[in-house]
Protein chains: 2
Amino acid sequence: MPNSSGLRERKKRQTRAALSLATIGLCLERGWDNVTIEDIAAAANVSVRTFRNYFAGKAEAIAAGHVERTLRIADDIRAAPAGEPLWTSIVHAVQANFAPAGSADAGEEEFGRWRDGVRLLFAEPALQGELLKANASAQDELARAVADRTGTDPEHDIYPKLVAAVIGAGSTVAIEHCLHAESPTPLGPVLREVFGRLAAGLPLPTESGENSGH
Amino acid sequence: MPNSSGLRERKKRQTRAALSLATIGLCLERGWDNVTIEDIAAAANVSVRTFRNYFAGKAEAIAAGHVERTLRIADDIRAAPAGEPLWTSIVHAVQANFAPAGSADAGEEEFGRWRDGVRLLFAEPALQGELLKANASAQDELARAVADRTGTDPEHDIYPKLVAAVIGAGSTVAIEHCLHAESPTPLGPVLREVFGRLAAGLPLPTESGENSGH
DNA sequence: GCAAATTCTGCCGAAAAGGCAAAAATACCT
DNA sequence: AGGTATTTTTGCCTTTTCGGCAGAATTTGC
């Protein structure tokens with residue numbers, strides 16, 4: 001096994017990040033259809049063939065960040081204090097990875113890049129599929145984390161798989177809601193509302209005062 | 001607006017079905033990589049260009065049945081008796097469309113095609129994304145149906161969108177579970193367990209007697 | 001340094017993807 | 001029926017994607 005901290009691995013991570021970043025940047029700038037893999041490779045100073053060694057296509061390059069982000073949710077759930085209720089851990093984990101502390105004002109550049117990328121993702125149908133695949137690919141890891149936490153079997157029991165799927169679905173709905181909202185909405189409260197409803201069994205919203213769960 | 005029952009529309013549906021069927025058949029027979037669009041078009045007696053008028057690619061052609069099936073769930077939810085609890089309607093609708101009455105024996109040919117298609121979709125990684133996209137594309141319609149049923153707003157309220165996403169996630173988990181089970185498992189009970197847990201707020205399964213909820 | 005393993009790269013052909021306009025089929029009106 | 005409008009099918013075309021292959025270049029461990 002190659003040393004994961006050697007020069008080679010570091011360069012690989014750099015190239016990977018550069019390609020993903022270049023893809024997002026070019027697509028934001030020119031629009032999805034007006035960017036070829038050749039352009040991206042040139043912008044990242046590698047050959048077209050090398051791009052293909054890293055990613056299957058433009059979409060995958062853009063979604064790469066989302067995959068890492070989602071996988072980190074599983075880690076956070078595993079690392080949560082043992083006594084904490086499962087749903088609390090879930091909300092914290094999702095929030096920590098999709099709505100970093102500084103939120104909107106403290107211009108976390110990485111978060112800004114991610115936000116731009118996601119907006120693109122939702123615009124182009126070819127990218128929606130990739131986002132979905134990213135969620136799905138993290139689902140197994142998520143299910144294992146939930147199984148760890150609840151003492152269930154990630155292979156044979158339905159419970160952890162169902163919870164993992166619901167985490168993905170709930171996160172997606174919350175993010176999409178904030179992204180499509182006319183006024184910029186912070187993700188945190190929406191996430192709490194979504195998972196609050198889920199943990200309550202999705203009862204019909206009461207007529208009183210809209211459904212701003214709070 | 002073209003008459004939907006005219007000859008033209010009927011032929012279009014026929015061509016569409018023939019292409020989807022030919023794609024599934026050829027892919028099952030030769031394997032995903034060994035089928036070109038040219039093969040499919042030839043098998044369906046249309047030009048390659050016509051195939052592309054109907055579907056963006058092999059994957060979409062295979063998933064077409066799944067899309068229709070999912071859209072019909074929305075219709076069923078709309079058509080359910082007004083007094084019936086929402087979750088009851090949902091379980092009925094999903095079950096009706098993914099596990100037809102006669103179950104295995106009453107060979108609904110369309111159902112057979114769908115089943116083959118789904119098997120393919122889950123087997124080949126290149127196709128899993130298409131299943132996800134199929135679910136997502138039906139999500140909006142599902143949300144509108146739920147909104148109709150619950151008097152919520154499909155645009156601004158989170159509730160209908162969340163329920164729609166959960167229906168998709170729950171169905172997928174149930175189907176996947178049955179497909180991956182070593183012993184052939186009927187979908188109905190699994191579906192009821194999944195949505196039972198969801199309506200209960202996904203409480204941790206009790207230690208007693210496995211997790212066969214309900 | 002040196003040998004082994006790994007990655008990068010150019011070259012290649014098969015396939016996909018989609019714009020365009022002529023041809024064919026269907027619909028609709030008189 | 002006949003004629004016209006609309007829609008679908010088709011062929012032709014270019015550009016881009018996709019991935020196998022082998023040699024060059026780089027990194028690693030010794």
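Quick note: numbers below take in every heavy atom, side chains included, and nothing from hydrogens, waters or symmetry partners. Source: prediction; values computed, not measured.
- Applying the side chain to side chain donor-acceptor pair (under 3.5 Å) test to K133(B) and every residue at least two apart in sequence or in another chain returns nothing.
- Taking every heavy atom of residues 14-32 of chain B and every atom of DNA chain C, no pair lies under 4.0 Å.
- As rounded to whole Å, 16 Å separates atom P of dT7(D) from atom CG of L7(B).
- With sequence neighbours left out, I40(A) forms a side-chain contact (heavy atoms from CB on, under 4.5 Å) with L19(A), A22(A), T23(A), L26(A), V35(A), F51(A), K58(A).
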Side-chain donor-acceptor pairs of residues 10-18 of chain B under 3.5 Å, sequence neighbours excluded:
unit_1 : atom_1 : unit_2 : atom_2 : d
T15(B) : OG1    : K11(B) : O      : 3.0

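- Note: CD (E9(B)) to P (dT7(D)) measures 10 Å, nearest angstrom.
- Listed by chain and number, the residues in a side chain to side chain donor-acceptor pair (under 3.5 Å) with S47(A) are T50(A) (sequence neighbours excluded).
- To the nearest angstrom, C1' of dT16(D) lies 12 Å from CG of D33(A).
- A147(A) is linked by a side-chain contact (heavy atoms from CB on, under 4.5 Å) to T152(A), P154(A), P160(A), counting only residues two or more places apart in sequence or in another chain.
- Under the 4.0 Å criterion applied to side-chain N and carboxylate O atoms, D39(A) and R30(A) are assigned as salt-bridge partners.
- Listed for the S20(B) side chain is a donor-acceptor partner under 3.5 Å among the backbone atoms of A61(B).
- When each of K11(B) and Y54(A) is assigned the nucleotide of DNA chain C with its nearest heavy atom, Y54(A) is the one assigned upstream, toward the 5' end.
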Give me, pair by pair, the N or O atoms of the protein and of nucleotides 15-20 of chain C that are less than 3.5 Å apart, along with how far apart they are.
unit_1  : atom_1 : unit_2 : atom_2 : d
dA16(C) : OP2    : I37(B) : N      : 3.3
dA17(C) : OP2    : R52(B) : NH2    : 2.9
dA17(C) : OP2    : A56(B) : O      : 3.0
dA17(C) : O5'    : R52(B) : NH2    : 3.0
dG19(C) : N7     : R49(B) : NH2    : 3.0
dG19(C) : O6     : R49(B) : NE     : 2.6

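- Every residue two or more places apart in sequence or in another chain that forms a side chain to side chain donor-acceptor pair (under 3.5 Å) with N97(B) is listed here: D76(B).
- Taking F98(B) as the reference, H66(B), W114(B) meet the ring pair (Phe, Tyr, Trp, His ring centres under 6.0 Å) condition, with sequence neighbours excluded.
- Taking atom CG of N45(B) as the reference point, atom P of dT9(D) lies 13 Å away to the nearest angstrom.
- No N or O donor and acceptor, one from the side chain of R8(B) and one from the base of dT8(D), sit under 3.5 Å apart.
- Across the protein-nucleic acid pair, K12(B) atom NZ and dT7(D) atom P stand 9 Å apart, rounded to whole Å.
- Not counting sequence neighbours, N45(B) has no partner by the side-chain contact (heavy atoms from CB on, under 4.5 Å) test.
- F51(A) comes within 4.0 angstrom of no nucleic acid atom, judged by non-hydrogen atoms across all strands.
- For dC8(C), the OP1/OP2 oxygens have no side-chain nitrogen or oxygen of T50(A) closer than 4.0 Å.
- Over its full length, the helix from dG1(C)-dC30(D) to dT30(C)-dA1(D) turns its helical axis through 40°, comparing axes from the five pairs at each end and rounding to 10°.
- No contact: V48(A) has no heavy atom under 4.0 Å from any strand.
- By the side-chain contact (heavy atoms from CB on, under 4.5 Å) test, R78(B) pairs with D75(B), E141(B), R144(B), A145(B), D148(B), sequence neighbours left out.
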